[in-house]
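First up is the structure itself, then whatever we jot down about it.
Counting convention: from 1, in listed order, for ligands and their atoms alike. Since the model is a prediction, treat every value here as computed from it, not as a measurement.
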Amino acid sequence: MKELVKALEWKDEALYLIDQRKLPLEETFVKVTTLEECHGAIKDMVVRGAPLIGFTAIYGMVLWIKNNRQACLEELNKAADYLNTARPTAVNLEYEVLRIKQMAVEYEGRFDAFYPIIEEHAKAQMQVLADGNLAMAKLGADELEKRCGGGKLNLMTLCNTGWLACGPMGTALGVISHMHSLGRVEKAYPSETRPYLQGIRLSSYELTKEGIPHDIVVEGAHSFLLRNKMVDAIFIGADRIVSNGDTANKVGSSSLAIVAKHYGIPFYVVAPTSSFDLGSETGDEIEIEMRSQDEVLYCGGTRLAPEGATAWNPSFDVTDASLIEGIICEKGLIKPVNKENLLKVVNS
Ligand code: MRU
């Protein structure tokens, strides 16, 4: 059963976010009433996952407009630019913030009137996410049937791309969830996802709630798992997909794709069109967020590394387009992955 709790809720002119830092041990909510609090919630990963970061940012702007109805356009643009700095890699954040900046032009000097409009826009985006998630899940199931046949399958994923990260259903995890609803999942393999442990803490939380049989695997086990042909296909999400199909996603995605290619296991990316950055040509142009070394040196508040040890902690990496069997967005399947096919689908 899904959505026993919600990832977020807009109630009495405040945003309530499930605190993803505390899952799965505690289901508690953080109340957000200002743009600054929204920025903090994104940066500190109370809320995370590219589509939900974008969606939360819409509400960050809703809150700013609610609290600054007499402000001018220049002030709104400044607030939007500040919100945009919360996390740099997930393009969904700048995509949603830019759209609001563009909508605001028409309401210059009339933000009182803009407030209900932008509140409605936010609500409507949840439906857009829901429809898109379902469309991608169905496309993923169709592709699996063609590529791997109609039987039960073993499906692998990395990081967390379910309803905690994307709203109603999920992207990569949404495909697995949909396959389960069709009775077609033998077992799921969520990767632990060091260092922030989105796989153990969040994907397993979602899979458990839905009753999907799964074994968590540590990153060091990927190669052996795939060599043993224990996985039929891999699905990951994306934080930014550029024109040639290079894809930034949680660190570890790229090495998983390389191993998958080596052992002939199809590797798919599933992401809405808001995750595409057509202004960039190749993955070299993607800014990769560097996070605190403490995420590596500590686990659950306990220091594991010796005093004085340091760590390098890129939050994402870039998977080359040549390693990706197909990219699924709500508009269709991009396969083979190249610029021509990508532009054809995304601009359709
Ligand atoms: O650092 P996070 O937890 O926000 O990273 C999330 C991921 O990398 C997801 O795989 C990606 O955002 C896609 S979410 C559908």
Near Gln198, which atoms of ligand 1 are under 4.0 Å from a heavy atom of that residue? 1 (O), 2 (P), 3 (O)

Can you tell me if Lys138 has over 12 outside heavy atoms packed within less than 6.0 Å of its NZ? no

Please check whether Pro51 reaches ligand 1 - meaning an N/O of the residue sits under 3.5 Å from an N/O of the ligand, judged on distance alone. no

Where on Tyr196 is there a heavy atom closer than 4.0 Å to ligand 1, on the side chain, on the backbone, on both, or on neither? neither

For the residue pair Arg240 and Phe276, would you count it as a cation-pi contact if the rule is NZ or CZ under 6.0 angstrom from the ring centre and within 45 degrees of the ring axis? no

Would you kindly specify which portion of Ala50 sits under 4.0 Å from ligand 1, judged on non-hydrogen atoms: side chain, backbone, both or neither? both

Looking at Tyr16, I'd like to know if the NZ or CZ of Lys11 sits under 6.0 Å from its six-membered ring centre while staying within 45 degrees of the ring's axis. yes

Asp239 N/O to ligand 1 N/O under 3.5 Å: yes

Sub-4.0 Å heavy-atom contact, Arg291 with ligand 1: no

Where is the nearest protein heavy atom to atom 9 (C) of ligand 1: which residue, which atom, and how far? Asn249 OD1, 3.4 Å

Reported OG1-to-CG distance for the pair Thr302 and Leu297, which is rounded to 0.5 angstrom: 12.5 Å

Identity and separation of the nearest protein heavy atom to atom 6 (C) of ligand 1: Cys159 SG, 3.5 Å

Per-atom filter on ligand 1: closer than 4.0 angstrom to a heavy atom of Thr171 are 15 (C)

With heavy-atom distances below 4.0 Å as the criterion, list the atoms of ligand 1 near Cys166. 15 (C)

Would you verify whether the NZ or CZ of Lys229 falls within 45 degrees of the ring axis of Tyr263 while also being under 6.0 Å from that six-membered ring's centre? no

Quick check: Tyr59 with Phe55 (ring centres under 6.0 Å apart)? yes

Check whether Thr157 reaches the backbone of Leu173 with its side chain - one donor and one acceptor, N or O, closer than 3.5 Å. no

With heavy atoms under 4.0 Å as the rule, classify the contact between Lys250 and ligand 1 as side chain, backbone, both or neither. both

Note: Arg147-Asp232 ion pair, threshold 4.0 Å (strictly below): no

Is the shortest distance from a heavy atom of Ala238 to ligand 1 less than 4.0 Å? yes

Applying a strict 4.0 Å limit to heavy atoms, is Arg87 in contact with ligand 1? yes

Which word best sums up how the rings of Phe114 and Tyr107 line up, parallel for under 30°, tilted for 30 to 60°, or perpendicular for over 60°? parallel

Quick one: does Arg48 get an N or O within less than 3.5 Å of an N or O on ligand 1? yes

